[in-house]
2 protein chains.
Amino acid sequence: MPLAKVRNQYHHGDLESALVATARKLTKRNGVEHLSLRKVAQEIGVSPSATYHYFPDRDALLAAVGFSLFEELADYQERELAKIIGTTAKAAKDRFRSLGMTYFEWAIKEPHFFNLMFSEYCLMGPNSEHKREDSRAYLNLTKCLDELVSTGSLDERMRQHSELLSWTVVHGATSLIVSGHLEQDRYESILEDLEFSLGIRK
Amino acid sequence: MPLAKVRNQYHHGDLESALVATARKLTKRNGVEHLSLRKVAQEIGVSPSATYHYFPDRDALLAAVGFSLFEELADYQERELAKIIGTTAKAAKDRFRSLGMTYFEWAIKEPHFFNLMFSEYCLMGPNSEHKREDSRAYLNLTKCLDELVSTGSLDERMRQHSELLSWTVVHGATSLIVSGHLEQDRYESILEDLEFSLGIRK
DNA sequence: CCTTTTATCTGAACAATGTATAGATAATAG
DNA sequence: CTATTATCTATACATTGTTCAGATAAAAGG
């Protein structure tokens, strides 16, 4: 029996993944508020009610898509980060800059994804397993900052202040640009402002 | 004829304002994705189709609510700002802090409002009349920063970097907290980090 | 004051949506 | 080969946004 057990006519094989994947595709195209459960089912070729064996409701499906996007973003960031090699001060600064740029570029490329991730569908409760500390994106940031300190590019005294500051600046600028409240071409200069205020001079 | 021409049975009198006010109320309660045009009309006591004489569709009504919220936020900020009087360095610092705190407190008090304001319903196009430069909230920020400079609390060289930096930090931290990605009690320390990195020592 | 015109709102209808329930079908286990 | 269980379908329902023809009241013109 081959691995590709695609559409046994009645039983789908892996409907759960198909649901997430298709919901991802339609959300990417039309945005989160226009995602229709029925359209997702229709695209897969399955009845609308089949959905409810894997997700209690539409919100749950959207949440599944949203949480998977955080992993995708981290993947992308790490791929870009890996392109910058070396342990010099310049390499550390480049990686810090790259971390901020990839966050932004990813959001600009797929604004509907970004909106979903920080929408009410992906609300993080106090007991959520997707906390900040164990998120890969945040771990990458702390690692970058440590490198800046060890290469002498970031003052030790400033280190503790720069973690949340960097994160909120990057996220805030991205969010404002995606929602149209800030011009897109301002982003890079904001990153420079951040580095300047943290004392990371070039 | 009295001003209070409430419900002449057939003609409402001021349906447009009533629609915005009621949509505001229901959005505050249930969030933007659960706002129903029919519920709004029902609450006012008018037929669902009456809406379409004032707003082309549901999105337009939500946009009207959203844009009015920016004014409400500015009102609140200015009221709080007016409570701090004086031209001393301490007063200037207090006003800067207040500006950041009010933004946050307002969002925490009504997260559904905050979500609407930066949702896809209030997207600012390139020709939007609600641009950053002429927004009252942004003008208040620039005024505050000028005061910090003139009282010697903010280095002139840092002044140009601090405008967008302050804005994105405040918005970013607020956004992350509202969406549950950051703990609420971290906010004030982030403001302190911002002031520290801008060189505004106490 | 009466008539005409215009602005405002109603009623009914439509397609699409999320969701619940009962039953059909296929895979699995005994 | 049969019984059980997981998976999916068919049908139905209430609710939604939206359209359009027509009713009603207000304003304008005589």
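Every chain is numbered from 1 and lettered A, B, ... according to where its sequence line falls, protein lines coming before strand lines.
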Protein-nucleotide distance ([X], atom [atom1]; [N], atom [atom2]), rounded to Å:
{"X": "B:Arg38", "N": "C:dA13", "atom1": "CZ", "atom2": "P", "answer": "13 Å"}
{"X": "B:Phe55", "N": "C:dT8", "atom1": "CZ", "atom2": "P", "answer": "13 Å"}
{"X": "B:His34", "N": "D:dA14", "atom1": "NE2", "atom2": "P", "answer": "20 Å"}
{"X": "A:Asp57", "N": "D:dT15", "atom1": "CG", "atom2": "P", "answer": "18 Å"}
{"X": "B:Glu16", "N": "C:dT8", "atom1": "CD", "atom2": "P", "answer": "10 Å"}
{"X": "B:Asp14", "N": "C:dC9", "atom1": "CG", "atom2": "C1'", "answer": "15 Å"}
{"X": "B:Leu37", "N": "C:dA16", "atom1": "CG", "atom2": "P", "answer": "19 Å"}
{"X": "B:Glu33", "N": "D:dG17", "atom1": "CD", "atom2": "C1'", "answer": "17 Å"}

So what does [X] touch, heavy atoms closer than 4.0 Å: a base, only the sugar-phosphate, or nothing?
{"X": "B:Tyr54", "result": "sugar-phosphate"}
{"X": "A:Ser36", "result": "sugar-phosphate"}
{"X": "A:Arg58", "result": "sugar-phosphate"}
{"X": "A:Leu61", "result": "nothing"}

Considering only [options], which nucleotide approaches the side chain of [X] most closely?
{"X": "A:His53", "options": "D:dG17, D:dT7, C:dG11", "value": "D:dT7"}
{"X": "B:Ser47", "options": "D:dA10, C:dT19, C:dG11", "value": "C:dG11"}
{"X": "A:Leu15", "options": "D:dC8, C:dT19, C:dG11", "value": "D:dC8"}
{"X": "B:Tyr52", "options": "C:dT19, D:dG17, C:dC9", "value": "D:dG17"}

Is there a side-chain polar atom (N or O) of A:Lys39 under 4.0 Å from OP1 or OP2 of C:dA16?
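No.
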B:Arg159/B:Asp155 salt bridge by N-O under 4.0 Å criterion:
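Result for this pair is no, no salt bridge flagged.
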Assign the ring pair B:Trp167 / B:Tyr138 to parallel, tilted or perpendicular, where the plane angle (0 to 90°) is split at 30° and 60°.
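If you compare the ring of B:Trp167 with that of B:Tyr138, the planes turn out perpendicular.
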Would you say the ring centroid of A:Phe118 lies under 6.0 angstrom from that of A:Phe70?
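Centroid separation for A:Phe118 and A:Phe70: below 6.0 Å.
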Cation-pi, B:Tyr76 ring and B:Lys109 (6.0 angstrom, 45 degrees)
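The answer is yes; both the distance and angle limits are met.
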Testing the 3.5 Å rule here: is there a donor-acceptor pair between the side chains of B:Arg58 and B:Tyr52?
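Distance-only check fails for B:Arg58 and B:Tyr52.
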